Amino acid sequence: MKTVKYIFSLCLIALLINSCVTDDDNTDFLNSAAAPTNVLATFTVTQDNTGLVTITPTADGATAFKVFYGDGTIEAASVAQGQNTTHIYDEGTYSVKVVAFGLTGLETEITQELVVSFNPPENLMVTIENDAAISKQVNVTATADYAMFYEVDFGDGSEVLQTNIGEVTSYTYENAGLYTITVTAMGAAIETTTYTEVDFEVTEIVQPLSSAPTQPSRSDTDVISIFSGTYTDITGVDFYPNWGQSTTFNLFNLGGDEMLQYTNLNYQGIDFSGTPIDASQMEYLHVDVWTADENDAKISPISTGPNETAYDLDLTAQQWTSFDIPLSFFTDQNPLVDLSDIIQFKLDGNPAEGTIFVDNLYFWKAPSGTPTGVVGTWKLSSTAGSLGVGPAVGDIGWWNCDSDCVIERACYYDDQYIFNADGSFSNVLGADTWVEGWQGGGDTCGTPVAPHDGSGAATFVYDEGAATITLNGVGAYLGVPKATNTGELSNPADAPSSVTYNVTLSNFDTEMSVYIEAGSGVFWQFNFTKEGAAPAPLAGSWQLSAEAGSLGVGPTPGDISWWNCDAVCVGDRACYYDDQYVFGSDGSFSNVLGSETWIEAWQGGGDACGVPVAPHDGSANATYDLDLDAGTLTINGVGAYIGLAKAVNTGEIASPADAPTSIVYDITIIDNNTINVMVEAGAGVFWQYKLVKI
């Protein structure tokens, strides 16, 4: 039996570090330090009735150990990593304590039972079995009365392995086959007890035991699927055309999940030449491949010609390997693959003899026309009230996490909720999070509990119109895992396959308010902050709104009665309303006017569409400064402007040569996609513009 305790020390004892002096004052590593893990004491004893026990402590992340023998000996033994200590025991049962020390003072303590007996081991019970998930791995467990440890000879000439009695010994064979396995139980007595298993069959896993990774939710316009259980596949596909190959084919079914199995693979075609694919608008080729062997493969999309280019699939045996191959790889080679006319795929074995399983073969591109404001990494805001529950939206009067609670639950407030652009979602919790009683925890920081531990594949669907996020995947959640659409969970096994939350984005998509009604009138509410960068609200391309009144002038802000561009004007000036004002996240600014814009008389034009005139032609090397507190937007660069080029802070210029080096505008941000911009061009002359993000 072994018990574990984690401890934090304010400083390390002199045994652990020789000096507190260092030339490097950077202590950032302390923030990510963790206590030693996987602490274990291995016991061996001489078979001579002397009771001489060797104790070898091990741990991940430890620099040194203290061993308390548990027999009344006052002084503990100090042991360096990789070393051991010996001690003579009388017959009896002892609790040996091992304290593992990390570099930064974090400690982990275990207590392990030691039985010393001079009787020979009795009642030896041995379990030998093939591992259910690892090919050619055999697991051995042995128990016996009066035994301290046991040795296993796996019968293939490899080194004999030694393990504490009652614990598991694992070994992976190079080849499957029949082997004689010998287990010897040992204690403090001279006599040992042996068990022999003759002709134990070591098996090789030759097919997947689990499905390929779950694919993200995608719009039909963003994917062309050849073979996948997630998307709609094209029709007319022959997965085993008669190309004279020696490869054999099977449609393998794993619990209802079908996948393509190619055995003795030299090469194999997948043919749909009767209904060619136009993948020219796609960006990637995705495929998942599983192999039992230490072999690789190649994949080649083929266009009419035939023209093909092979991509090397670097596979890892006994697991699914996923590939998202940029289509530019195939179009940058010689011969050139025509993505608008894909008629076949070819799979090559490397070497030409192995077996592969193929799933999720499709072309895809990044979401088009889909809101992306939620994409990024989010955390709960580390402020009082960012987590709470109450009887109505906006009311967290029943309970909320105050400032002390935020500090106490630091292991929870550092959890990440990651929305990826491809529609996948991840809970990233680290080594610990807040674990509640219904999860088997003690309402304290602890190891994440499945399925709410981030281990499951998940996707998300953000519906901007409905202001909802749906997470698809057992164990995926926002805020607290127990809050679901049907109530609060009382058992992790009851986790639903999907949960829908109501969301509101604000502050330029850097803050997100979320609530879920977990049962009638029970509203769990969360405030999240996006990680990464400070808000860049103007970043992107903007245009004048193509509506009457979006451009005008008047004597006061909001008054455009002197003149404004009505609906007819908007149509006449289409060459102007498609001009773009591009704000870079790095502070750069550009006027992108295209081949023509509206040219007025002061520019040498005839108040009509024409070729842009320098310096107001987009050639300026310009920047911008946004002062949200002052409500101003400054455009820096001769010839750079918003709205009308002639309207500047000193009046309306009469010549392109009079363009200033900068213009200061008043700005009002209406929402994430709409701004009003104004400049007083001389006393009491207010030019006003409404811009929308495109």
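All values derive from a computational prediction rather than experimental measurement. Position 1 is the first residue of the sequence; numbering continues from there. Quick note: numbers below take in every heavy atom, side chains included, and nothing from hydrogens, waters or symmetry partners.
Side-chain contact check for L505 versus Y462: some heavy-atom pair is nearer than 4.5 Å. No side-chain heavy atom of K530 sits less than 4.5 Å from a side-chain heavy atom of M512. Using a 4.5 Å heavy-atom cutoff, the side chains of L327 and M282 are in contact. Taking 4.5 Å as the limit, some side-chain heavy atom of T634 sits within range of a side-chain heavy atom of V664. Put simply, the side chain of P36 does not reach to within 4.5 Å of the side chain of F101, judged on heavy atoms. With contacts defined as side-chain heavy-atom distances shorter than 4.5 Å, the pair F589/I642 qualifies. The shortest side-chain heavy-atom distance between F43 and Q112 falls under the 4.5 Å cut-off. Put simply, the side chain of L313 does not reach to within 4.5 Å of the side chain of T321, judged on heavy atoms.
A donor-acceptor contact shorter than 3.5 Å is absent between the side chain of T484 and the backbone of A495. Using a distance-only test at 3.5 Å, with no hydrogens or angles considered, a donor-acceptor pair links the side chain of H286 to the main chain of F323. Of the possible donor and acceptor atoms, one in the side chain of N485 sits under 3.5 Å from a partner among the backbone N and O of T500. The backbone N or O of T232 sits nowhere less than 3.5 Å from a side-chain atom of Y362 that would complete a donor-acceptor pair.
Of the N and O atoms on the side chains of N139 and S170, at least one donor lies less than 3.5 Å from an acceptor on the other residue. Looking at W364 and D324, their side chains do bring a donor and an acceptor atom within 3.5 Å of each other.
The neighbour count for Q281 CD, taken as heavy atoms of other residues, nucleotides or ligands under 6.0 Å away, does not exceed 12.
Applying the side-chain hydrogen bond (donor to acceptor under 3.5 Å, both in side chains) rule to pairs touching residues 514-529 yields S381-T529, E488-W524, S513-N527, sequence neighbours excluded.
If you run ring pair (Phe, Tyr, Trp, His ring centres under 6.0 Å) between F528 and each of F419, Y413, Y417, only Y417 comes through.
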